[in-house]
Protein chains: 2
Amino acid sequence: MTSKRMSLKKLAAHLSLSEGTVSRALNDYPDISQATRQRVQIAARELGYRPNPLARRLATGIAEAVAYIMPQSHSSISEPFVAQLLTGLGDALSKRGWDLLVTQSVPAEEEPDMIRKLVTSGRVSGVVLSRPHKNDARIKLLQEARFPFIVHGRSLNSDSYAWFDVDSKQAFVDAVDHLVSLGHRRIGFVGAPTYYNFAQSRLDGYRQALRMNGLPADEGLVRITELSDDGGERAAGDLLDQENAPTALLCVTDTQALGALAAVRSRGMQPGKHVSVIGYDGLRLGRHTNPPLTTMAQPQSHSGRELGDMLLAIIDGGDPRNFQQLRMAELLRRKSDGPVWTDGATQNNPTNFESVEELT
Amino acid sequence: MTSKRMSLKKLAAHLSLSEGTVSRALNDYPDISQATRQRVQIAARELGYRPNPLARRLATGIAEAVAYIMPQSHSSISEPFVAQLLTGLGDALSKRGWDLLVTQSVPAEEEPDMIRKLVTSGRVSGVVLSRPHKNDARIKLLQEARFPFIVHGRSLNSDSYAWFDVDSKQAFVDAVDHLVSLGHRRIGFVGAPTYYNFAQSRLDGYRQALRMNGLPADEGLVRITELSDDGGERAAGDLLDQENAPTALLCVTDTQALGALAAVRSRGMQPGKHVSVIGYDGLRLGRHTNPPLTTMAQPQSHSGRELGDMLLAIIDGGDPRNFQQLRMAELLRRKSDGPVWTDGATQNNPTNFESVEELT
DNA sequence: GCCTATTTCGAAAGCGCTTTCGGAATCAAG
DNA sequence: CTTGATTCCGAAAGCGCTTTCGAAATAGGC
């Protein structure tokens, strides 16, 4: 019919109306008569008119888009999160026809610049942050700029901004309690760098639970390592090789727990029997490890969707402090935990045990 | 100093130049003297001027953004791909300061609308597609619209567009050859719906290799199932339970292979000993399964980066047919494959070998 | 039927940039 | 000292929409 793409101008001409009137009719302004409003909207639909988002965004000053700052992947194993989160975010945003754009975490020294670029560029109306540090510079910058954002996780001072998190401190308390109830009294901790807030709070949970169970806080039982299976394997191996080795290993992450399982096996022991291993995340792949991994499972709720909805509410002017959600994790028992091991002879250290048999 | 955000207008005023001149100076137009160009660029840097992307995009008609159409996740296990791909794409795009936006796959009937929306909205300059079907409607639509795009994977007719793929047909030929060399003659195939092109071509490779090895094409040995561990478990179980069960299982995906391992174990057999299982993908988590999964590993090259670079080249006017890259997969032997199992009775095959010992 | 209050719309000014076009100034050449 | 070619910059239109403002038309009230 007409050439190329439909535009407001052409639509207006077609209707013998001014562009402004057509625009207001489409946007449901009250100063347009019911009659012409209908006429305009019908014509728009028939002619397949879709306002150019770029033009609208420029004119309104609303970016109609949100950025997700993707944490860089250390492990390449536990990344299902990203895809799921993006799916949920996309769902939430698509209801308004907003865009989801993805950027990457940058080295700490570039963070100020990257945040500034994000807030001043006008490309996005809000930001989703993942895996914050205890004192996350990005959070501070966003707050100072009074820019809408929400955090997946928390930092040390989380009172004044919006977040969605799982109470992993409590999860680690629960995990320790469980292990203690199985008779374990020397529980090793395979942790991650404590500039990550989640790493710190899981460590806190571990320590608190030890205390509450009347167990000594043996710092020789905690190892900090990188967020990968290899890291977990090294740290666990380290723990197992020492004098008075722990009978159970608590890992800050399922990915690390995979490494811990490997470390146990490679020392001729069987996870879940000679030494218990518990992870955190509830990754489905834990069903397929050797043996299947017991883990503190995060709730399956689609966090991306929730994050998206909350962020939109904040962009709409909501008070960030009203958008803070804490979920609970649950112990998911598979096969890598069990009662503390003892054979007849010695008390504390296994001397002989049958070889590892097939595990289903 | 001045209020709010720096704008072209303010910068021009500051320099006593016209906006047009400043703009051209910043964009290295040839009709600006060296002197003022320098002056402008220095002032811009000092005053922290950054052109408003939305305005520029509207004025130039260039979206400076690319969309990645994320396949919906079936498994939640094999999704590391997404994060890695996005990282690579982001790298490629960030060199130009372009944005990466993520949208989701939609049901087939909505595809025309979603593609049309994408190409006519002006929000993006190009599209990245993943996991195409054999006859992918989106590809056809994008071609008809003469819109720049690139496919991660291929469809049936892949001559006329750009793609990046792994030769998974060849990979399955190799896998079968390997299994045959281990003495297997009844090889089961755990496949995915063949509207996925990759599923079809892997099946083709499997069949071709059977033929080339003089093995019968027993259709009772192939199962098509969904792209998940559960699917793999069901299909593999099915195969194993039948009369003349296969001695080896080839799975179209590592995720399915996880299920296959489970099926084997749950029948009291040991994968890699009594029945061989081979997956495809080379997922790192395969190191941690029981036993570690032998798989056809995709090359580690950062495909996202390559896809991004190629797409940019096409947007710049390159001929899509010049951007087609085929990578090879390699057999990554871990512990789930082995010689065909026989007990003492039979003649032709290796009779005894040590049991699977502890795997590191 | 006159006056004021309401609806309903058009005109126009942006949003912040790019890009074409032409004019003034500068240069080299005759 | 002209003239034509260059170099360099300003003016202005435009990208496609939104939104304010005020004018015209209509309605309501006496």
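Naming: A, B, ... by sequence-line order, numbering from 1 per chain.
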What I want to check is whether the side chains of Asp165(A) and Gln324(A) have a donor and an acceptor closer together than 3.5 Å. no
Only one of His133(A), Arg138(A), Lys134(A), Lys140(A) passes side-chain hydrogen bond (donor to acceptor under 3.5 Å, both in side chains) with Asp136(A), and that residue is Arg138(A)
Please check: side-chain N/O of Arg37(A) versus main-chain N/O of Tyr29(A), any donor-acceptor pairing under 3.5 Å? yes
Run the side-chain hydrogen bond (donor to acceptor under 3.5 Å, both in side chains) test on Arg327(B) and Gln325(B) for me, step by step, so that the C-alpha distance in whole Å, both residues' side-chain angles and the decisive distance to 0.1 Å come before the verdict. CA-CA 7 Å; Arg327(B) 294 283 197 265; Gln325(B) 294 218 9; 2.6 Å; yes
Would you find a donor on one side and an acceptor on the other, under 3.5 Å apart, between the side chain of Ser23(B) and the backbone of Glu19(B)? no
Exercise: do Ser160(A) and Gln143(A) side chains pair donor with acceptor under 3.5 Å: yes
Is it true that Tyr161(A) and Ser155(A) share a donor-acceptor pair across their side chains at a distance under 3.5 Å? yes
Does Arg154(A) reach the main-chain N or O of Trp163(A) with its side chain, forming a donor-acceptor pair under 3.5 Å? no
Whole-Å gap separating P (dA11(D)) and CG (Leu17(B)): 11 Å
Summary of protein contacts for nucleotides 13-23 of chain D, nucleotide by nucleotide, where a base hit scores B, a sugar-phosphate-only hit scores S (4.0 Å, heavy atoms): -BBBBBBBB--
With five pairs defining each end axis, the helix from dC2(C)-dG29(D) to dT26(C)-dA5(D) comes out bent, to 10°, by 60°
